[in-house]
Each structure stands twice: as structure tokens, then as C-alpha cells.
Protein chains: 2
Amino acid sequence: MKSVNLKKLAEELNLSVATVSRALNDRYDISQATKDRVRELANKLNYEPNPYASSLRRQRSKTIGVVIPEVANHFFSLAINGIEEVARNNNYHVLVYLTHEDYQQEASIVRLLAGGRVDGVLLSVASTSHDLGHLDMLRERGIPMVFFDRVYDDMATAKVTTDDYDSGYRATRHLLEVGCRSIAHLTLSPSLSISRRRMQGYIDALRDAGVPFDESLVLQGGTNRTQDIDAIEQLLRQRRIDGIFASIESLAMCSYEACHNLGLRIPQDVKVIGFSNLEIASLLDPPLTTITQPAYSIGKEAARLLFQAITKNRPISLGHSQELKSELVIRASTSLEQSQARAAALAAYCVRRPAHYTENALASDPAPLQGF
Amino acid sequence: MKSVNLKKLAEELNLSVATVSRALNDRYDISQATKDRVRELANKLNYEPNPYASSLRRQRSKTIGVVIPEVANHFFSLAINGIEEVARNNNYHVLVYLTHEDYQQEASIVRLLAGGRVDGVLLSVASTSHDLGHLDMLRERGIPMVFFDRVYDDMATAKVTTDDYDSGYRATRHLLEVGCRSIAHLTLSPSLSISRRRMQGYIDALRDAGVPFDESLVLQGGTNRTQDIDAIEQLLRQRRIDGIFASIESLAMCSYEACHNLGLRIPQDVKVIGFSNLEIASLLDPPLTTITQPAYSIGKEAARLLFQAITKNRPISLGHSQELKSELVIRASTSLEQSQARAAALAAYCVRRPAHYTENALASDPAPLQGF
DNA sequence: TCATGTTCCGTAAACGTTTACGTAAATAAA
DNA sequence: TTTATTTACGTAAACGTTTACGGAACATGA
């Protein structure tokens with residue numbers, strides 16, 4: 001029941017506590033013979049140093065905090081995987097906190113962490129977070145932080161993100177290329193960095209194709225599943241929509257449900273593309289065209305940056321930020337239906353666009369795209 | 001940069017450190033006026049108590065450890081969700097560790113935790129773990145532990161599991177009822193509690209239906225995705241298989257891939273049922289019949305039990321174990337194909353079985369099932 | 001011989017809290 | 001008044017490490 005500590009080892013070996021400590025830490029001023037004796041007994045008694053005493057004395061917790069909106073989301077699961085791996089390789093421990101997309105919770109968690117519980121923080125901001133005042137404490141206390149995926153633009157620290165603007169642009173352009181002209185955009189809170197960038201890509205792609213941007217085709221969701229489905233159904237009933245671009249995984253899934261409920265066929269009636277990290281996107285009915293983020297790498301990279309700051313004791317700056325590339329994986333949910341004359345006609349237009357993106361490999365004879 | 005501590009507060013207020021500490025902890029022997037003064041300054045200076053000093057002194061870390069095989073698995077994600085919620089409600093912190101299904105890692109993680117880093121442990125054992133020697137340290141140190149989902153049977157501590165035997169039985173019987181007679185069983189390591197129970201349910205269901213158990217129809221997988229797919233394809237080529245019962249989610253997905261690769265139709269050629277916690281099982285092609293575990297509740301319940309042990313300081317016993325019920329959700333991947341004469345004939349047999357399970361609601365005129 | 005250096009270990013303070021114990025002042029009881 | 005009790009706070013030890021400092025023992029060089 002009682003745990004073995006340095007004092008016990010010291011008594012047993014007729015040594016001082018200090019000597020035992022130094023022996024275990026392999027200090028130069030302890031003889032090899034003593035080190036061997038100490039280690040042998042430590043192993044025999046299953047000695048484990050008390051982490052809290054050690055942290056208190058060394059002013060170093062060997063722990064990092066990971067703050068994410070939710071874990072039941074493949075992106076964050078994969079990211080945690082990468083983070084945990086890097087942490088363990090550095091003999092660090094990982095505290096996980098969920099904000100449930102709530103600013104208040106995010107703030108109170110950060111406040112806890114700023115109390116010295118962790119040596120560094122990895123954060124992906126909640127969708128309802130509107131300002132970054134709660135992060136000042138971390139800076140004041142000198143606790144390094146790295147954002148991943150969802151960031152605050154005006155915070156001077158490293159961020160690991162993906163090419164969200166490009167991804168939004170490419171996703172939208174892909175829908176345009178397969179004939180969509182009335183494209184709904186499903187997004188999270190517009191206060192979110194990723195939402196803004198993806199939406200800007202969407203808007204610019206529309207503009208470049210000469211399709212007017214219609215604000216009423218932008219739907220904000222992501223909180224409640226059934227609520228999201230309802231809202232999408234309503235949008236699909238009100239407007240003649242032939243394409244959906246979902247900014248997060250769950251909204252793509254809700255789109256499937258909504259289309260199913262309304263008897264709309266994918267991709268014949270509505271084409272769907274969504275951000276998603278599900279490996280089983282290809283097993284859906286129909287297989288979902290996705291923007292897939294390198295979630296695991298994002299986690300690893302963010303953790304790597306954080307550990308550089310922690311171990312080198314060098315302040316982390318904006319300059320260390322990284323932007324990784326997402327991948328557009330085209331599947332049946334946005335495929336052209338040969339059987340449909342209209343779609344075919346559209347295809348004729350679409351494949352004529354210049355093909356400087358890889359996903360345009362199917363394009364044959366480039367020519368300018370005209371408005372529809 | 002420098003953090004504010006009790007000493008600083010005490011100096012500022014002309015009080016002793018002890019008084020400040022007691023004021024903040026709302027002790028009875030401090031005047032209300034002093035408490036107010038102390039709290040005001042603490043708030044003003046954003047004082048946060050040093051958790052490591054506190055843990056060291058109180059011999060209580062306010063932290064629990066969660067050890068799971070992986071996080072990129074919907075079951076564990078949901079469980080963590082439940083765990084984190086309960087932990088936060090109790091003002092506890094959650095350390096997450098991944099074993100990657102590796103016994104060595106599990107052992108070294110547990111050894112770390114036994115060093116006093118946590119007040120309690122929630123563990124779901126790795127598939128390659130063969131003995132529980134590494135868990136002795138937790139018992140010796142008096143650190144309570146609760147197993148969830150994957151347990152060691154011969155360890156005298158609380159476990160939160162699901163009705164794996166029943167689930168295996170019901171899944172298999174369902175396949176039998178829709179006409180399958182050559183049912184493959186895809187499983188993880190047989191050393192795993194859940195695997196053994198689900199398999200026993202499978203075996204007993206076969207026996208009760210008069211279908212001989214064929215060991216060569218049992219396939220062990222779960223490590224590597226492409227490897228799993230290959231193995232399943234091989235099995236499907238070698239044997240005439242009309243049903244697949246996957247003991248874990250990933251193996252059901254691999255079965256879909258394998259069938260797809262071989263041009264086998266689900267459910268016409270092969271019917272598939274799998275354990276899974278994906279909400280989007282209904283969006284697969286075809287929608288997957290699942291055994292769905294109450295993952296979130298399992299996490300919550302396990303955490304609840306653990307906190308009872310921690311707060312009440314009462315040793316946790318086998319008697320506190322809980323078994324929750326999984327749900328069989330029938331979807332198209334196991335549906336009878338009316339268009340197929342053979343299937344229809346089978347159906348005639350199958351629906352005659354006694355209907356004491358809810359999922360048998362469709363049964364009309366009960367009669368004994370004969371071997372096929 | 002003494003001075004100097006090296007090797008190896010002990011003493012004690014420190015990290016920031018919590019808490020057992022003591023005590024002065026104020027109040028109540030006698 | 002004296003004595004007992006309560007109130008409100010301070011003193012100091014403790015939690016288990018780490019580490020600055022010092023010093024004994026021994027070896028080395030002159």
C-alpha cells in the first residue's frame with residue numbers, strides 16, 4: 001500500500017537521499033558501484049519517482065495539454081494519435097480536454113492549464129469562441145502554445161493548419177466543373193478561422209466561374225444533428241440546389257440524410273462534397289467525394305513544434321507556422337451522370353477549363369468555362 | 001512571466017501564507033472579512049494554485065489515467081467523451097494513453113501511472129496482452145482501477161462491459177434467420193475477453209440452429225487494414241460463405257471492401273453484420289446491420305464507478321461491475337432479398353423460430369428451425 | 001612535508017502547498 | 001475580578017524531489 005520513495009531506498013542502502021537521487025539520475029559525481037547498488041534496489045522494489053514532487057522541484061511538469069472541441073470526430077481522433085505519439089517519444093504525458101465547442105469551457109480550461117499544470121498547450125479553438133483574452137494568461141506565464149487546424153489569426157504564436165482557402169476553392173470549383181450552379185455551403189460558425197477561409201474559397205471559386213454568390217445558400221450548422229438535418233431539408237425544399245459543399249464531416253453526413261429523406265438522389269439531383277477524414281467515405285452510398293486533411297500529420301507537426309519550444313526553451317513565434325495540404329478525393333457523390341442529358345451537357349462545358357490542378361487530370365481539351 | 005503564489009499574496013496582504021491558503025480553501029477558522037480580502041486579490045492577480053505542490057502535499061493528484069488501445073476508433077472516442085465529462089464534473093483531469101494494442105506499451109504505461117501520477121485508472125486492455133502481472137503494481141499501491149469493455153476476467157476489480165455473449169449469439173442467430181448457413185466470424189485476438197465471449201455466442205447460436213461449427217471460418221485480424229482485406233478476400237474465395245459476423249468495426253469495413261473487390265453483392269451474395277458505433281452505418285452501401293454498444297454510457301459508468309472508489313476511498317470490488325446492453329440494429333446488409341427464390345425459401349424456415357428476442361418482431365408463425 | 005586536486009558523498013535548502021499545533025486577543029461564564 | 005471558551009491568525013513541519021554547497025578521504029605533485 002505504501003509507496004517506496006527515496007528515503008526508503010536511502011535507509012536500506014545506508015546512503016543519503018541526495019546520493020540516491022543523483023545515482024538514479026546518473027550524475028557524474030556518483031561512483032559506478034553506488035549507482036549499480038541503487039538501481040538494483042530501485043528495480044527490485046519497483047521504485048517510481050513521485051512525479052509531483054519532481055515537477056514541483058524542477059518547475060517542469062512533463063505534461064502537455066490538448067484542448068479540442070470534441071473527440072468523437074475523426075479529425076481530432078487522428079490528431080490526438082499523432083500528438084500522443086510525439087509526446088510519448090519525448091517522455092511526456094498528455095492531458096485531454098474537450099470544450100464541446102463552448103467558449104466558456106475553453107476559457108476555464110485554459111485558466112486551469114495556465115496554473116502550471118502543463119509545460120505547453122495544443123489548442124483547436126471552439127466554434128463559439130469570439131476573442132482570445134483567455135489566452136493571455138498563457139503568454140503571461142510563459143507557457144508555449146501551438147494552434148492546430150482552428151486558429152486565432154491575430155495571435156502571435158505558431159499554427160499548424162491546412163490550405164483551407166485552396167481546399168474551399170477546389171471543392172467549389174469541382175462542383176462547378178461537374179455542372180452545379182446552385183451550390184449550398186454548409187459551415188460552422190463564421191467566427192472560426194477555417195470556416196472563413198473555406199467560405200472565401202467557395203466565394204472566389206463562384207466568382208471566378210461567373211456564378212453569383214447567394215448568401216441565402218450559406219447555412220450555419222454543426223451543433224445538433226437532427227437540427228442540422230432539418231435545416232438542410234428546409235434549404236433543399238426552398239431552393240433548387242444542385243450541389244452541397246459541407247465544411248465539416250458531420251454536415252456532409254447530415255446532407256446525405258436530408259437528401260434521403262426528401263427522395264433526392266446523390267449525385268443525380270444533388271452532388272455532395274465534404275471535408276472528412278473517414279476512411280470509409282468510399283463505402284458510403286454513394287461514395288463521398290471528400291477533402292481529406294492530413295489529421296495525423298497535423299497532430300504530429302503541432303506537437304513537434306511545441307516540443308521544440310519546450311525543450312529548447314525558445315519562445316515560439318508565428319514564423320514556425322506550417323500549412324499542410326489537404327487532398328481532394330473524387331468519388332461518386334459528385335460524379336457526372338452520363339445518363340443525364342443535362343449533366344452531360346454541363347460536362348462538356350466543365351472539362352474545358354484549364355487543368356492546373358491534379359484533380360483535373362480527367363480534363364481533355366481545355367477551353368474557357370462560360371457561365372451556365 | 002513569474003507566476004503568483006501564496007507567498008506573494010501573503011506579503012501583499014500582510015498575512016501569513018497559512019492564512020491565505022485557508023482563506024482560499026474556505027476554512028472555518030478564517031474571518032469572512034479576511035476571506036474576502038484574500039479572494040479579491042487572488043482574483044485580481046489571476047492566482048491559480050500550483051497543482052503539483054497541492055498534489056504533493058495532499059497525496060492526491062486530481063487526475064485519472066485512461067489507457068486504451070487506440071483513439072481513432074469510434075467506440076473509444078465516445079467512451080472518452082463520457083469519461084471526460086464525468087471527470088470534469090468532479091474537477092478531475094484526464095491523462096490519455098494509447099497502447100496501440102501492444103502489451104509492452106500497456107505495461108510501461110501502467111508502471112508510470114502506478115508511480116502516483118493518477119488517483120485512478122480506466123483501462124481497456126490491448127489485444128496482445130496475455131497476462132495481468134503489470135497490473136499488480138496498481139493494486140499494491142492502492143490505486144483503484146476499473147476495466148471497461150475489454151477486461152481481464154480473473155482480476156478482482158470492477159468492470160463495465162456489454163452483453164458480449166448475447167450480442168454474439170443474437171448477431172449470429174440473425175444471420176441464421178436470414179438464411180446464412182456458412183457464416184464467417186472475424187475476430188481480434190482470442191485472448192481478449194470480448195472476442196472470446198462474442199465467439200462463444202457465435203458458436204452456441206450455430207449449435208442451437210444445428211449448424212456445425214467450422215473453425216476454418218474463424219478469421220483473426222484487426223492489425224493491418226490491407227492485410228485484413230486480403231485475408232478476408234482469400235477466405236471468401238476459398239469457401240462458399242454467405243454470412244460474415246465481424247467482431248469489430250474495422251473488420252466489417254474490410255469485409256465491405258473485400259466483397260467489393262471480389263464482385264460479391266451485399267446482401268444478395270454475402271450478408272454482413274458487425275459491431276460498430278458509427279452513426280453513419282445507415283449511410284453505407286448497403287446500410288450495415290450493427291451491434292451498437294452504448295459507448296458513451298460505458299465511459300460514463302466506468303468513470304462514475306472509479307470516482308466512487310476515489311472519493312469514498314472505498315476499495316472497488318468485482319461486485320460493482322456493470323453489464324450494459326448492446327443493441328442490434330437491422331439494416332440492409334442482412335436483409336432478405338425477396339427477388340431471390342433461395343433466400344425466400346430460407347426465410348420461410350427462419351421466421352418460424354421462437355421469437356423471444358425483440359429483433360424477432362417480424363416473426364409470424366413460430367416453428368422449429370431445421371438444419372438447412 | 002605541504003599544497004593541490006579529484007572522487008564521492010552528506011547537509012540542508014528549496015519548490016508551493018496544506019495542516020497540526022500553538023497562542024494572543026476577544027468574549028463569555030463564573 | 002478570574003477563568004474558560006471562542007475567534008482568528010501565525011509557526012513550523014510535512015509531502016518527495018532536486019541541487020547548491022561543503023567536506024572527508026584519498027591521490028598527486030612539488
Side-chain angles (χ1 to χ4, degrees), chain A residues 1-39 41-42 45-63 91 112 114-119 141-142, chain B residues 1-39 41-42 45-63 91 112 114-119 141-142:
Chain A
M1 199 73 177
K2 213 55 226 88
S3 75
V4 35
N5 53 20
L6 285 185
K7 183 152 53 147
K8 192 163 295 177
L9 291 181
E11 284 168 3
E12 200 94 11
L13 292 165
N14 272 323
L15 288 170
S16 74
V17 169
T19 301
V20 176
S21 172
R22 278 183 294 221
L24 290 171
N25 288 334
D26 203 23
R27 292 303 165 95
Y28 67 97
D29 59 351
I30 302 294
S31 72
Q32 192 56 49
T34 304
K35 284 181 184 173
D36 291 344
R37 280 179 64 216
V38 170
R39 282 186 196 141
L41 185 67
L45 298 187
N46 269 328
Y47 168 76
E48 276 289 327
N50 182 308
Y52 297 110
S54 184
S55 291
L56 176 59
R57 177 59 226 238
R58 293 198 169 153
Q59 302 290 61
R60 183 142 274 203
S61 66
K62 291 237 141 208
T63 306
N91 284 318
L112 278 179
R117 190 174 292 273
V118 296
D119 297 341
R141 302 283 207 274
Chain B
M1 197 73 175
K2 211 56 225 87
S3 75
V4 35
N5 53 21
L6 286 185
K7 183 153 49 147
K8 191 163 296 178
L9 291 182
E11 283 168 3
E12 200 93 10
L13 293 165
N14 272 324
L15 288 171
S16 74
V17 169
T19 301
V20 176
S21 171
R22 277 182 295 220
L24 290 171
N25 288 335
D26 204 22
R27 291 302 163 94
Y28 67 97
D29 58 352
I30 301 294
S31 74
Q32 192 57 48
T34 305
K35 285 181 184 175
D36 291 343
R37 280 181 63 219
V38 170
R39 282 188 195 137
L41 185 66
L45 298 186
N46 269 328
Y47 168 75
E48 276 288 327
N50 182 308
Y52 297 109
S54 183
S55 291
L56 177 60
R57 176 60 226 237
R58 297 204 210 214
Q59 302 288 60
R60 185 144 273 205
S61 65
K62 291 239 146 211
T63 305
N91 283 318
L112 278 179
R117 189 173 293 271
V118 296
D119 296 341
R141 303 283 207 276

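Chain identifiers are assigned alphabetically (A, B, ...) following the order of the sequence lines, protein sequences preceding nucleic acid strands; residue numbering begins at 1 within each chain.
Summary of the strand contacts: B:Arg27 and B:Ala53 both lie near DNA chain C, and taking for each the nucleotide with the nearest heavy atom, the more 5' one is attributed to B:Ala53. Nearest-nucleotide positions on DNA chain D place B:Ser31 closer to the 5' end than the other of B:Ser31 and B:Arg58.
Distance alone, capped at 3.5 Å, is enough to place a donor-acceptor pair between the B:Lys35 side chain and the B:Arg27 backbone. Side chain of B:Ser21 to backbone of B:Val17: no donor-acceptor contact under 3.5 angstrom is found. Between the A:Asp119 side chain and the A:Arg60 main chain, no donor and acceptor come within less than 3.5 Å of each other. The main-chain N or O of B:Leu13 is found under 3.5 Å from a side-chain atom of B:Arg37 such that the two form a donor-acceptor pair. B:Ser61 contributes a side-chain N or O that, together with a main-chain N or O of B:Arg117, makes up a donor-acceptor pair within less than 3.5 Å.
Look at B:Thr34 and you won't find any side-chain N or O under 4.0 angstrom from OP1 or OP2 of D:dA8. For B:Gln59, a side-chain nitrogen or oxygen approaches OP1 or OP2 of D:dG16 to under 4.0 Å. OP1 and OP2 of C:dG16 both lie 4.0 Å or more from every side-chain N or O belonging to B:Tyr47. Dashed line: the shortest gap from a side-chain N or O of A:Thr19 to OP1 or OP2 of C:dG10 is under 4.0 Å. A:Ser21 has a side-chain polar atom (N or O) that falls below the 4.0 Å cut-off from OP1 or OP2 of D:dT18. Regarding contacts with the backbone of C:dT11, every side-chain N or O of A:Ser16 stays at 4.0 angstrom or more from both OP1 and OP2. Within the structure, a side-chain polar atom (N or O) of B:Asn25 is placed less than 4.0 Å from OP1 or OP2 of C:dT18. At the phosphate of D:dT17, neither OP1 nor OP2 sits under 4.0 Å from any side-chain N or O atom of A:Ser54. One finds no side-chain N or O of A:Ser55 lying less than 4.0 angstrom from the OP1 or OP2 phosphate oxygen of D:dT17.
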- prompt: Which parts of nucleotides 20-28 of chain D does protein reach within less than 4.0 Å, heavy atoms only, written one letter per nucleotide 5' to 3' as B for base, S for sugar-phosphate only and - for none?
  reply: BB-------
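Residue B:Asn5 has its side chain nearest to C:dG16 when only D:dT19, C:dC9, C:dG16 are considered.
Overall bending of the helix from C:dT1-D:dA30 to C:dA30-D:dT1, expressed as the angle between end axes built from five pairs apiece, is 60° (10° steps).
As a whole-Å value, the separation of B:Arg117 CZ from D:dG16 C1' is 14 Å. Here C:dC15 presents its P atom at 12 Å from NZ of B:Lys8, a figure rounded to the nearest Å. At whole-Å resolution of the value, CG in B:Asn50 and P in D:dC15 are 18 Å apart. Atom CG of B:Leu6 and atom C1' of C:dT19 are 13 Å apart (whole Å). In this structure, CG of B:Leu15 is placed 16 Å from C1' of C:dA24, rounded to the nearest angstrom. Counting to the nearest Å, the C1' atom of D:dT18 and the NZ atom of A:Lys7 are 16 Å from each other. Rounded to an integer number of Å, the gap from CG of A:Asn14 to P of C:dC8 is 19 Å. Following rounding to the nearest Å, B:Ile30 (CD1) and C:dA25 (P) show an atom-to-atom distance of 18 Å.
Closest approach of B:Leu9 and B:Tyr47 over heavy atoms only: CD1-CG, 3.8 Å. Of all non-hydrogen atoms in A:Gly116 and B:Pro51, the two that sit nearest each other are C-CG, 4.2 Å.
No engagement by A:Tyr28 is indicated, since no non-hydrogen atom pair under 4.0 Å with the nucleic acid exists.
Between atom CG of residue B:Leu45 and atom NZ of residue B:Lys8 there is a gap of 8.5 Å, rounded to the nearest 0.5 Å. Between B:Asn50 atom CG and B:Leu56 atom CG the span is 9.5 Å, to the nearest 0.5 Å. One distance of note links OG1 of B:Thr19 with CG of B:Asn14; it measures 11.5 Å at 0.5 Å rounding.
Counting atom types as modelled, A:Arg57 pairs a side-chain N or O with a base atom of D:dT18 as donor and acceptor under 3.5 Å.
One finds a salt bridge joining B:Asp26 and B:Arg39 here, because a Lys/Arg side-chain nitrogen approaches an Asp/Glu carboxylate oxygen to under 4.0 Å.
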